[in-house]
Amino acid sequence: MEKAIFIEKESQNIYKVALKKELYEKDAVMMAANKFSDKCYIKIDALENQYVGVWFKLKYEVNTEVVQKMLAEFCNEALEIQIRLDLEKRFGNLREIIYRKAFSPVGGIQE
């Protein structure tokens with residue numbers, strides 16, 4: 001069984017996270033990466049075998065434990081955004097119907 005996420009250290013302060021394209025859309029990866037641009041320089045590019053690579057070059061010197069926590073937070077953020085995107089696709093129309101109904105004029109009241 002293939003893993004959905006891979007994290008590896010490429011050099012002294014560069015780390016790569018590989019996410020499976022079938023599970024993570026481009027928008028989810030981009031939005032998650034944007035949330036970490038204050039801590040890292042980030043590069044996103046396609047990899048082989050249906051993966052997208054996200055490289056993090058740290059802006060500041062930090063210990064390994066902090067880096068691991070940050071990369072785990074990135075993975076969780078990408079997952080959370082992907083779930084929101086999936087729910088939007090699935091139930092977006094229903095939300096619009098409820099919204100229109102909730103804000104439609106009530107019968108018998110004249111404007």
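This chain uses plain numbering: 1 for the first residue, then up along the sequence.
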Just to verify, what does Lys26 make a salt bridge (charged side-chain N to carboxylate O under 4.0 Å, His left out) with, not counting sequence neighbours?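 Salt bridge (charged side-chain N to carboxylate O under 4.0 Å, His left out) list for Lys26, sorted by chain: empty.
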Are side-chain heavy atoms of [X] and [Y] found at a separation under 4.5 Å?
{"X": "Met30", "Y": "Ile44", "answer": "yes"}
{"X": "Glu61", "Y": "Gln12", "answer": "yes"}
{"X": "Asp45", "Y": "Val52", "answer": "no"}
{"X": "Phe56", "Y": "Ile14", "answer": "no"}

Nearest 0.5 angstrom please: [X] [atom1] to [Y] [atom2], how far?
{"X": "Asn49", "Y": "Phe6", "atom1": "CG", "atom2": "CZ", "result": "9.0 Å"}
{"X": "Lys59", "Y": "Ser37", "atom1": "NZ", "atom2": "OG", "result": "6.0 Å"}
{"X": "Tyr15", "Y": "Lys9", "atom1": "OH", "atom2": "NZ", "result": "4.0 Å"}
{"X": "Cys40", "Y": "Lys57", "atom1": "SG", "atom2": "NZ", "result": "11.5 Å"}
{"X": "Asn13", "Y": "Glu10", "atom1": "CG", "atom2": "CD", "result": "11.5 Å"}

Are the side chain of Lys21 and the backbone of Leu47 linked by a donor-acceptor contact shorter than 3.5 Å? no
Let me check something: any side-chain donor-acceptor pairs from residues 68-84 under 3.5 Å, sequence neighbours excluded? List them with distances.
residue : atom : partner : partner atom : Å
Glu77   : OE2  : Lys35   : NZ           : 2.9
Gln82   : OE1  : Glu25   : N            : 2.6
Gln82   : NE2  : Glu25   : OE2          : 3.2
Gln82   : NE2  : Asp86   : OD1          : 2.8

Hydrophobic cluster (4.5 angstrom, side-chain heavy atoms) - remaining members for Tyr41: none
